[in-house]
Amino acid sequence: MTLALDQYVTGSVVAASLAPQAVDGFDPVLRRLLKGQQFFVKLSDGRWRPQGCQLGLSCCFQFSDLLEPVQR
């Protein structure tokens, strides 16, 4: 198991997919919407939020929940 190190600064935007376990607790329809690559913004507390949050999603994710993040 590889430890993911978050070296991004607040406000950074990355393109990444969510790990399956990160969305297991969501409604099946929402899980489908969160599937695939998306843009995430780093918040000042270190958590990551989907950019735009058009879905009204109040949930944030840990860096370890992001698969293969690439800075944008």
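Numbering of residues begins at 1 and proceeds along the displayed sequence. Hydrogens, waters and symmetry mates play no part in the numbers below; they use all other heavy atoms, side chains included.
The shortest heavy-atom contact between Gln38 and Leu33 is NE2-O, 4.4 Å. Across every non-hydrogen atom of Pro69 and Tyr8, the tightest pair is O-OH, 3.8 Å. Considering every non-hydrogen atom in both Leu67 and Pro20, the closest pair reads CD1-CD, 4.4 Å. Across every non-hydrogen atom of Gly46 and Asp6, the tightest pair is O-OD2, 4.0 Å. Minimum heavy-atom separation, Leu5 to Phe63: O-CE2, 3.4 Å. Contact record, Pro50 with Cys59: CD-O, 4.1 Å, taken as the closest heavy-atom pair.
Under the rule for a side chain to side chain donor-acceptor pair (under 3.5 Å), the partners of Asp45 that lie at least two apart in sequence or sit in another chain are Arg47.
Grouping the Ile, Leu, Val, Met, Phe, Trp and Tyr side chains by contacts below 4.5 angstrom, directly or via other members, places Leu43 apart from Trp48. Hydrophobic clustering (side-chain heavy atoms under 4.5 Å, transitive across Ile, Leu, Val, Met, Phe, Trp, Tyr) keeps Leu66 apart from Val41.
In the hydrophobic clustering, Val70 connects to no other residue, as no ILVMFWY side-chain heavy atoms lie under 4.5 Å from its own.
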Identify every side-chain donor-acceptor pair in residues 9-18 under 3.5 Å, counting partners at least two apart or on other chains, and give the distances.
from: Ser12; atom 1: OG; to: Val9; atom 2: N; distance (Å): 3.3
from: Ser12; atom 1: OG; to: Val9; atom 2: O; distance (Å): 2.7

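Annotation: the span from Gln51 atom CD to Phe40 atom CZ amounts to 10.5 Å, rounded to 0.5 Å. Going from atom CD of Gln21 over to atom CG of Asp65 covers 6.5 Å, rounded to the nearest 0.5 Å.
A 6.0 Å sphere centred on CD of Gln71 holds more than 12 heavy atoms belonging to other residues, nucleotides or ligands.
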